[in-house]
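Everything below concerns the one structure shown next.
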Amino acid sequence: MVKKEPPSISKDLEELQRKLSLLAESIKNNSKVVSFMKSPVAQYLDRHPFLTLTLLVFIVMSALPVGFFLFFVVLTFLAALVGVILLEGLVISVGGLSLLCVLCGLGFVSLIVSGAAIMSYVVISSLIGFWFSPSGVTWNKPLNFFLLAK
């Protein structure tokens, strides 16, 4: 049987340390980081490491609650948007049906009023034609054939 030798822990740690130092150097040499480090805020934070660590921990720990809050805001906005669209559709539907009912009622009332006006005109013109005709009965007036009194 062949025995497997466990990987050397110190060798792995040295490799990890080398990679981390290369990463740190690439971050330090980044032009945006260099320009930020020249700012007064960065110089102040560089002189106060405890404050920097506190600020960093606060930012990392507040990321989850802020993320939940933003998710809640977006979800509420979408729910309100859908609710407004549904409510607007409901209001427009109810308004449209109400308008349809009112217009149908007005059409029916205008039909009755027009029929009454035409009937009144026919009856009144027939009566006037019957009363003021010299012979009493004339056939050229509307509905005089119903009024055959003489």
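Heavy atoms only: backbone and side chains are in, while hydrogens, waters and symmetry mates are out.
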Leu22: side chain to side chain contact (heavy atoms under 4.5 Å, CB included) partners, not counting sequence neighbours: Arg18
Other members of the hydrophobic cluster containing Leu111, with the 4.5 Å side-chain heavy-atom rule, please. none
With sequence neighbours excluded, residues passing side chain to side chain contact (heavy atoms under 4.5 Å, CB included) with Val102: Leu106
Donor-acceptor contacts under 3.5 Å from residues 62-78 side chains, at least two apart:
unit_1: Ser62; atom_1: OG; unit_2: Phe58; atom_2: O; d: 2.9
unit_1: Ser62; atom_1: OG; unit_2: Ile59; atom_2: O; d: 3.2
unit_1: Thr76; atom_1: OG1; unit_2: Phe72; atom_2: O; d: 2.7

Transitive ILVMFWY cluster of Phe108 at side-chain heavy atoms under 4.5 Å: who else is in it? Ile112
Under 4.5 Å between side-chain heavy atoms, chaining through other members, with only Ile, Leu, Val, Met, Phe, Trp and Tyr counted: pull out the rest of the cluster around Leu53, sorted by chain and number. Val57, Met61
What pairs meet the ring pair (Phe, Tyr, Trp, His ring centres under 6.0 Å) rule with one or both residues in residues 20-40, with sequence neighbours excluded? none
Sequence neighbours left out, what passes side chain to side chain contact (heavy atoms under 4.5 Å, CB included) with Val113? Give chain and number order. Val109
To the nearest 0.5 Å, what is the distance between CG on Leu20 and CD on Glu15? 10.5 Å
Sorted by first residue and then second, give each side-chain hydrogen bond (donor to acceptor under 3.5 Å, both in side chains) pair with at least one member in residues 27-55; sequence neighbours left out. none
Identify all side-chain donor-acceptor contacts of residues 82-98 below 3.5 Å with residues at least two apart in sequence or on another chain.
unit_1: Ser93; atom_1: OG; unit_2: Gly89; atom_2: O; d: 2.8
unit_1: Ser98; atom_1: OG; unit_2: Val94; atom_2: O; d: 2.8

For Met37, which of Val33, Val34, Val41 qualifies under side chain to side chain contact (heavy atoms under 4.5 Å, CB included)? Val33
